[in-house]
Amino acid sequence: MIESPSALPNPNFAVQKRRLRFLGLTIDDTIRAFFGGNAFVAVVVLALITFFLFREGIGFFVQNRFNVELYRQAGLEYVDHIRRQADDHAALSRYLSDLRLRQFSILTEREKRSLADTNTALAPFDTFAEQFSASADPLRALLSDLTEQATALKTKFVVTEDRKEERRQLLAVGKLAEAAAVEIVAVDFARELQPLIAMLPTYQTANRDFARTLAELIERPPALVQVELASRLATFQRFTRDYVAGFPAIERAMAAWDYRQPVPVWHALTSFIFGRQWLTASFWQDWYGILPLLVGSLLVSLVALFLAVPLAVGAAIYVNQIASLREQRFIKPCIEFISAFPSVVLGFFGIAVLGQALRTLSQQSWLAWLPGFPFSERLNILTAGSLLALIAVPTIFTLAEDALNNVPRAFKEASFALGASRLQTVLKIIVPASLSGIISAVLLGLGRVIGETMVVLLCAGNRIAIPDFTQGVAVLVEPVHTMTGIIAQEMGEVVRGSVHYRALFVVGLVLFLLSLAINYVAQGIVRRYRISIG
Amino acid sequence: MTTRPPSAFARSSALSANSPASRLSPAVTPEVLVAIDHVDFFYGATQALNDICLQVEAKRVTAFIGPSGCGKSTLLRCLNRMNDLIEGTRLSRGTIKIHGVDIYQRDVDVIELRKRVGMVFQKSNPFPKSIYENITYGLLLHGRHEKKHLDEIVERSLRGAALWDEVKDRLHTSGLGLSGGQQQRLCIARAIAVEPEVILMDEPCSALDPVATAKVEELIQDLRSRYTIIIVTHNMQQAARCSDRTAFFYLGKLVEYADTRDIFTNPTNPQTEAYVSGRFG
Ligand SMILES: Nc1ncnc2c1ncn2[C@@H]1O[C@H](COP(=O)(O)OP(=O)(O)O)[C@@H](O)[C@H]1O
Ligand SMILES: [Mg+2]
C-alpha cells in the first residue's frame with residue numbers, strides 16, 4: 001500500500017550505510033584490515049625465516065669449497081693417503097687384541113686357569129702382536145712428520161687470509177697507514193709443498209721394508225691355545241695380505257697427486273650431501289657431511305613410527321568404533337594428555353629410566369635371541385625412538401580418529417545390515433575408506449618426530465657416525481646423532497659466520513625442506529581423500 | 001505417474017478373503033513370516049514403540065505409513081536388530097518371530113539374521129568401492145570366493161535390480177560415480193545378492209526424483225514374487241501403488257493394519273482416514 005508516489009526515500013526503510021567511521025574507515029574496513037593484517041604478518045614472518053635460512057645457508061657452499069680446496073693445496077689430502085694406511089694397520093692390530101681377549105676368556109673362564117698361568121700361555125701371542133704393532137713405527141714417524149708440515153702450511157695460509165681480511169677492513173674505514181703496516185706474505189704452495197713431496201722416495205723405501213716385515217710376520221704366526229680360533233687367525237692373515245697388496249696403489253696415488261688440480265665447484269655440495277663424516281674443530285681437517293646425521297634422524301624416526309603407528313591407529317580405531325561413550329570420554333583426553341609432557345621431561349625420563357630399563361631387559365638371558373641383544377649403550381636409537389613414539393602417538397591418534405570419524409555412518413550401517421561383524425566392518429569398510437586420512441596422519445606424525453629435538457639430543461647417544469648396517473636389525477641399538485640434535489648442541493659454540501656456523505644452517509635448511517615435503521605430501525593425500533569420499 | 005499398476009489391486013483383491021475378522025485373530029497362518037507381538041521399544045528412557053502387534057505375510061509388500069517420528073523406522077530396524085548398534089536401546093516387552101523363531105533370544109546369531117533380513121536405507125549408501133565390489137561384499141563376508149560364481153551373482157543381482165544394462169560396461173568403476181537413483185538400485189542389488197528372505201526398505205525413494213522413483217517402484221513389483229518386502233514410505237501414492245498391505249502408525253502405536261485398498265478407500269479408524277486423505281500429518 002503506497003501512500004504517495006513521490007521519489008522521496010521513506011525514512012522508515014533505513015538500509016543506508018551508517019556514517020560511523022574510525023580513522024576514516026568504516027567498521028567493515030577496519031575489521032577487514034585487522035584480520036588481513038594478521039594474515040599478512042604470518043606470511044611475512046614465514047618469508048623472512050625462509051630468506052634468512054637460505055641467506056645464511058648458501059654462504060656455506062662457498063666456504064666449504066674453500067675448505068676442501070685448502071685441504072688439497074696444503075697437502076692434507078696427500079698426507080691422508082698415509083694416514084689411512086696407518087689407520088688400517090691400527091684396525092688390524094685391534095683385530096689381534098680382540099683375538100687375545102677371546103683366548104684369554106676361554107682360558108680363564110672355561111679352563112679355569114690362573115691369571116699368571118694364562119699370561120704365560122699367551123706370551124708368544126703377545127710377542128707377535130707387539131712385533132706386528134711395532135712394524136708400523138717408521139710409517140707412523142713419517143706420518144707425524146708430514147702431518148706437522150701440512151698443518152703448518154695450512155695455518156700459514158689461514159693466517160695470511162686473516163691478515164688480508166684485516167687490511168680490507170682497515171681500508172674500508174680509511175685507516176690507510178695501519179692497512180699498509182699489515183704484513184702480508186703470499187703463500188707459495190709449490191715451494192712450501194716441496195719438502196712434502198720430496199719425502200716420496202723415503203716413504204717408498206719405508207713402505208717396502210714395512211711390507212717385507214709384515215709378510216715375514218704373518219708367515220710364522222703364533223700357535224693359538226685353542227684350535228677353534230684358528231679360522232680367525234686365518235682371517236687375520238688374509239686381511240693382512242690384502243692390506244700389503246694395496247700398498248702399490250697408495251704409492252701410485254701419491255705420485256700422481258698434484259695440489260694444482262682444481263676442486264670442482266659441485267664438490268662443495270656433494271661433499272655435504274654424500275659426506276660420511278661430520279668432523280668439526282679437529283686439529284687436522286673439518287668435514288661437513290650430513291649423511292651420519294640424516295641417517296640418524298631417519299632411523300630414530302622410523303623406529304618411532306614403527307612403534308607409534310600400530311599403537312595410535314589401533315587406539316583410534318578402538319575409540320572411534322568399538323569403545324562405549326564412557327570409555328571414549330576417558331581414553332581420548334588421556335592420549336591427548338601425553339602431548340602435554342614437555343619433551344625435555346620425556347628426555348630426562350629416557351635417560352633416567354627407560355634407557356636403563358631397556359638395557360637391563362636386553363641383558364636377560366631369555367631375550368638373547370633378539371638381534372642386537374644384549375647391548376651396552378644405554379642411549380641409542382631404540383631408546384630415543386621409543387620416546388619419540390610417545391610424542392607421535394597423540395598427533396597420529398587425533399588425526400586418525402578424525403579421519404575415521406569422517407567416514408559416513410551410513411557405510412557402517414550398510415555393512416552391518418549385510419551381516420558383517422564389527423571386525424569385518426572396521427577392516428573392510430571403515431579403514432579403507434579412511435586410509436588416506438590415516439596415511440596423512442602418519443606422515444604428519446613423522447613430521448612431528450623428525451623435527452623433535454630435546455628427546456633425541458638427550459637420548460640418542462650423540463655419536464656422530466653412520467651406524468654399522470651390516471649388523472642387520474641390531475643397528476637399532478647403536479647410538480647416533482641427529483640433524484636437530486647437532487644444531488641444538490653446536491649452535492651455541494660456533495663462531496658467527498664461520499663455515500661451521502653456516503653448515504648448521506644448511507642442516508636446518510634440510511630439515512625445513514624435509515618437513516615441508518612431508519606436509520605437502522600429507523596435504524595432497526588429504527585433498528584426494530576428500531574428493532573420493534565426496 | 002499416478003496411474004496405479006493394475007496388478008497391485010488385482011493381487012489384493014485376490015486376498016480380500018482376508019476379512020477384518022481374520023485380521024483381528026493373531027492365529028499364525030502358514031503365510032505369516034514375521035510375527036510382531038506386543039512389542040514395546042525404548043531409546044533410553046523415551047518409548048518409541050508401544051504395544052505393537054502385526055503380522056507380515058510372506059511374499060507380499062507391506063507398507064508402513066504414518067507421520068514423522070511415529071516409529072516406522074524404529075520398528076523396521078527392530079526386524080534385523082539394527083537398533084542393537086545404538087547404545088541404550090531395548091526391546092522391553094513382546095517378541096518378534098521370523099519363521100516362528102524369536103529373533104531376540106540370546107542364542108540368535110545376529111549376523112545370520114541380517115543375512116536373511118536385508119536392508120535398504122533412506123539415503124543410498126554404496127561403499128566407496130567399485131560396483132562389482134559393492135555387490136560381492138556381502139558374499140565375501142560369508143566366505144564365497146570363487147570368481148566365476150561371484151561374476152554370476154553380480155550379474156544376476158544387477159539384473160534383479162534392473163541396473164545391469166546401465167552399468168555392465170563399468171562394473172569396476174566406483175559405485176559413488178552413479179546417479180542417485182542408480183545408487184539406490186545398486187544398494188538393492190547389494191541387498192539381494194546375499195539372497196535374503198525379507199528386504200526392509202526405509203523410505204528408499206525419498207531422496208530420488210520422480211523418474212528414479214518410478215524405476216525403484218517398478219523394481220519392487222518385480223521383486224515381490226521372490227521376496228517379502230517391508231517398505232516405509234511417506235508417500236501415500238507410493239504405498240497405494242506398491243503395497244499389498246498397509247500399516248498406519250501414530251505416536252508409536254499401530255493404529256490400523258489392513259489391505260492397502262481398504263486403508264485407502266475404506267479406513268475403519270478416523271485417524272487413518274484423516275491421514276490418508278491428507279488432512280493431517
Ligand atoms: N537414535 C535415537 N535415539 C533416541 N531417540 C530416537 C532415535 N531414533 C529415533 N528416536 C525417536 O524415536 C521416535 C521414532 O523415530 P523413528 O522411528 O525414526 O520415526 P519415523 O521413522 O517414523 O519418522 C521419534 O520420536 C524419535 O525422536
Ligand atoms: Mg524414518
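In what follows, chains are A, B, ... by sequence order, proteins preceding strands, each numbered from 1.
- A:I429 has its side chain within reach of B:Y137: a pair of non-hydrogen atoms, C-beta onward, lies under 4.5 Å apart.
- Within the 4.5 Å cutoff, no side-chain heavy atoms of A:R409 are placed close to those of B:N125.
- At a 4.5 Å heavy-atom cutoff, the contact between B:F121 and chain A is made by side-chain atoms alone.
- Only the side chain of B:R77 comes within contact range of chain A, judged by heavy atoms closer than 4.5 Å.
- Of all the listed residues (B:D109, B:N80, B:L85), the one sharing the greatest number of non-hydrogen pairs under 4.5 Å with chain A is B:L85.
- Contacts of A:K428 with chain B are made by both backbone and side-chain atoms, with heavy-atom separations under 4.5 Å.
- Neither the backbone nor the side chain of B:V120 comes within contact range of chain A, judged by heavy atoms closer than 4.5 Å.
- For A:L418 against B:L141, the heavy-atom pair with the smallest separation is O-CD1, 4.2 Å.
- Residue contact with chain A, scored on non-hydrogen atoms closer than 4.5 Å, is absent for B:P196.
- The two residues A:F411 and B:F127 make their nearest non-hydrogen contact at O-CE2, 3.3 Å.
- For A:R32, the CZ atom sits in a loose shell: 12 or fewer heavy atoms of surrounding residues, nucleotides or ligands are nearer than 6.0 Å.
- Taking every heavy atom of both residues into account, B:M119 and A:A417 meet most closely at CB-CB, 3.9 Å.
- Between the CD1 atom of B:I111 and the CD atom of A:Q424 there is a distance of 6.5 Å, given to the nearest 0.5 Å.
- Heavy atoms from other residues, nucleotides or ligands lying under 6.0 Å from OH of B:Y132 number more than 12.
- Other residues, nucleotides and ligands place no more than 12 heavy atoms under 6.0 Å from the CZ atom of A:F330.
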